[in-house]
Amino acid sequence: MSKRTEREIVLLYMSALTAAVISPFVLIRFLSGDIVMAIADAIIVILMSIFFLYVYKTHKVALASLLMSLLLIAIIIAFITVHGLSIIYWYYPLVLAIFYLNHQRTAIILCVVSTVTITLLLYPTTNFAEVSVIFVSMLLTSIFSFVIFRSYKGVQAKLKLLATTDPLTSTGNRRALDSELNKAILSQERQKKTMCLILLDLDNFKKINDTYGHLIGDDILVTLTKLLVNNIRMLDTLYRYGGEEFIIAPLYVDLKTAAIIAEDMRAVVEEHVFTDDISMTLSLGVAQFNDKETPSQWIARADAALYIAKDSGRNKVYLAE
Ligand SMILES: Nc1nc2c(ncn2[C@@H]2O[C@H](COP(=O)(O)OP(=O)(O)OP(=O)(O)O)[C@@H](O)[C@H]2O)c(=O)[nH]1
């Protein structure tokens, strides 16, 4: 089974827990003769179970998050209508859940609309001072949640970028590559698209480092990635696999087309004059994805082709079996 995201897990727990906590009340209310509330509770349990199954099966969280938030808001509003002010305490933790589950803009809209609705509902039966305090406290909870979650999501995005980007070349790193290949293979299992991978390696790069120093070597790596990105026009398919080794994947083309792309890259690098009038060449191995193979098996076949390219004189493209 593929790994579940944090948000998926939270949604699964929320729906399962809400269903589990409310289930006994269906029976309790039914036995005590409160049939309307028993039916309302039963509907909530059924809807929560549907959410659970939907997220469990599809892994889709955006729609489920919004519907779950709307349902929980509707439940609180319905209960406030029936039971009055005492239910208001359930609203505050719900605001946190709404900001966690939804995009900031959606969360703000949901919170403002629910705050105004609840205030208007309470207004006729509650004194003005009390209703004002409730309104302001609901609003402040939303504002604080907005500020806290904005900073939390910003930090989360920066951490993700740091964890998946190579600091020298700004291409994706090994972690990003692993995740991308796993994703591509998962979707290939469903859609059966032809896809290829190019593994490329600068020739005799050690000599450059030894002759010109590491800083020039670094500069060549950065220039190389710019040349490659200009050539493939997609930074998000270029990954630094090792020191002077890069992978381009997934390329949704057949082996013949991938070979042409690889040959173009080889020619571009051969013609380019790097810093200090240095000329460089590339060796490349190309492999089309074979059904049922793992990312490492796929890379290993491209690596074997690259090895042949190196062994037969470098500055060449070889295709994997
Ligand atoms: N400047 C610089 N050098 C690096 C970096 N990462 C790895 N290297 C160097 O890359 C060189 C790789 O050398 P080798 O594996 O022998 O490969 P090569 O000299 O390119 O020889 P072939 O691949 O067989 O053509 C080593 O000298 C590493 O120190 C880096 O981030 N910056």
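Both counts, for ligands and for their atoms, begin at 1 and track the order of listing. These values consider heavy atoms only, across backbone and side chains, with no hydrogens, waters or symmetry-generated copies.
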Enquirer: Tell me, which protein residue and heavy-atom name are nearest atom 16 (O) of ligand 1, and how many Å apart are they?
Expert: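 Going atom by atom, the protein heavy atom closest to atom 16 (O) of ligand 1 ends up being Lys206 CD, 3.9 Å.
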Enquirer: With a 4.0 Å cut-off on heavy atoms, is Arg240 touching ligand 1?
Expert: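 Under 4.0 Å: yes for Arg240.
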Enquirer: Whether the Arg240 and Asn173 side chains hold a donor-acceptor pair (N or O, under 3.5 Å, no angle test) is what I'd like checked.
Expert: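 Not at all, the side chains of Arg240 and Asn173 share no donor-acceptor pair under 3.5 Å.
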Enquirer: Do Asn102 and Ser69 pair up side chain to side chain, a donor and an acceptor below 3.5 Å, judged on atom types alone?
Expert: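 There is such a pair (donor and acceptor under 3.5 Å, judged by atom type) between the side chains of Asn102 and Ser69.
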Enquirer: Indicate the atoms forming the closest heavy-atom contact of Ala249 with Leu181, along with that distance.
Expert: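 Minimum heavy-atom separation between Ala249 and Leu181: CB-CD2, 3.8 Å.
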Enquirer: Evaluating non-hydrogen atoms only, which member of Ile208, Leu215, Ile216, Asp218 is closest to atom 2 (C) of ligand 1?
Expert: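 Among Ile208, Leu215, Ile216, Asp218, the closest heavy atom to atom 2 (C) of ligand 1 belongs to Asp218.
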Enquirer: Would you mind checking which non-hydrogen protein atom is closest to atom 3 (N) of ligand 1, with the distance to 0.1 Å?
Expert: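 So the nearest neighbour among protein heavy atoms is Asn209 ND2, 2.8 Å.
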Enquirer: Determine whether the side chain, the backbone, both or neither of Leu202 has a heavy atom under 4.0 Å from any heavy atom of ligand 1.
Expert: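 Answer for Leu202: backbone.
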Enquirer: Taking N or O atoms only and a 3.5 Å limit, does Lys207 qualify as a polar contact for ligand 1?
Expert: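 In fact, backbone or side chain, Lys207 has no N or O that close.
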Enquirer: List ligand 1 atoms under 4.0 Å from Arg314, heavy atoms only on the residue side.
Expert: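 It comes down to these atoms of ligand 1: 22 (P), 24 (O), 25 (O).
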Enquirer: Answer yes or no: are there more than 12 heavy-atom neighbours, outside Phe79 itself, under 6.0 Å from its atom CZ?
Expert: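 Counting other residues, nucleotides and ligands, CZ of Phe79 exceeds 12 neighbours.
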Enquirer: Work out which heavy atom in Tyr241 is nearest to a heavy atom in Leu177; give both atom names and the distance.
Expert: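 That closest heavy-atom pairing would be CD1-CD2, 3.7 Å.
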Enquirer: What protein heavy atom lies closest to atom 7 (C) of ligand 1? Include the residue and the distance to one decimal.
Expert: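 For atom 7 (C) of ligand 1, the nearest protein heavy atom comes out as Gly243 CA, 3.4 Å.
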Enquirer: Identify whether NZ of Lys or CZ of Arg in Arg150 sits under 6.0 Å from the centre of the six-membered ring of Phe99 and within 45° of that ring's axis.
Expert: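 So Arg150 doesn't make the cation-pi contact.
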Enquirer: Students should be able to answer this: which protein heavy-atom is nearest to atom 23 (O) of ligand 1, and at what distance?
Expert: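 Ranked first by proximity to atom 23 (O) of ligand 1 is Lys310 NZ, 2.9 Å.
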Enquirer: Among all the protein's non-hydrogen atoms, which is closest to atom 14 (P) of ligand 1, and how far away is it?
Expert: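 The protein heavy atom lying closest is Glu244 OE2, 4.2 Å.
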Enquirer: Can you list the atoms of ligand 1 that are under 4.0 Å from a heavy atom of Asp203?
Expert: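 Every atom of ligand 1 under 4.0 Å from some heavy atom of Asp203: 20 (O), 25 (O).
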Enquirer: Can you list the atoms of ligand 1 that are under 4.0 Å from a heavy atom of Leu221?
Expert: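 Once the distances to Leu221 are compared, the set is 30 (C), 31 (O), 32 (N).
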Enquirer: Give the atom numbers and elements of ligand 1 that come within less than 4.0 Å of a heavy atom of Gly217.
Expert: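 Counting atoms of ligand 1 from 1, those under 4.0 Å from Gly217 are 1 (N).
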Enquirer: Can you tell if the side chain of Leu238 reaches within under 4.5 Å of the side chain of Phe246, non-hydrogen atoms only?
Expert: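 Answer yes - side chains close enough.
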Enquirer: Using a side-chain heavy atom cutoff under 4.5 Å and only I, L, V, M, F, W and Y, what cluster partners does Leu27 have?
Expert: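 Via sub-4.5 Å side-chain contacts, Leu27 links to Leu31.
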Enquirer: Verify salt bridge (charged side-chain N to carboxylate O under 4.0 Å, His left out) between Glu293 and Arg301, making sure each step is shown before the conclusion.
Expert: CA-CA 10 Å; Glu293 71 184 342; Arg301 286 190 305 108; 2.6 Å; yes
Enquirer: From the options Tyr212, Tyr307, Phe205, select the one whose nearest heavy atom is closest to atom 11 (C) of ligand 1.
Expert: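 It is Phe205 whose heavy atom sits nearest to atom 11 (C) of ligand 1.
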Enquirer: Hydrophobic clusters join Ile, Leu, Val, Met, Phe, Trp and Tyr when side-chain heavy atoms are under 4.5 Å apart, directly or via other members; which others share one with Tyr307?
Expert: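 Answer for Tyr307: none, a lone residue.
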Enquirer: Starting from atom 21 (O) of ligand 1, locate the nearest protein heavy atom and write down its residue, its atom name and how far away it is, to 0.1 Å.
Expert: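 Answer for atom 21 (O) of ligand 1: Asn204 N, 3.7 Å.
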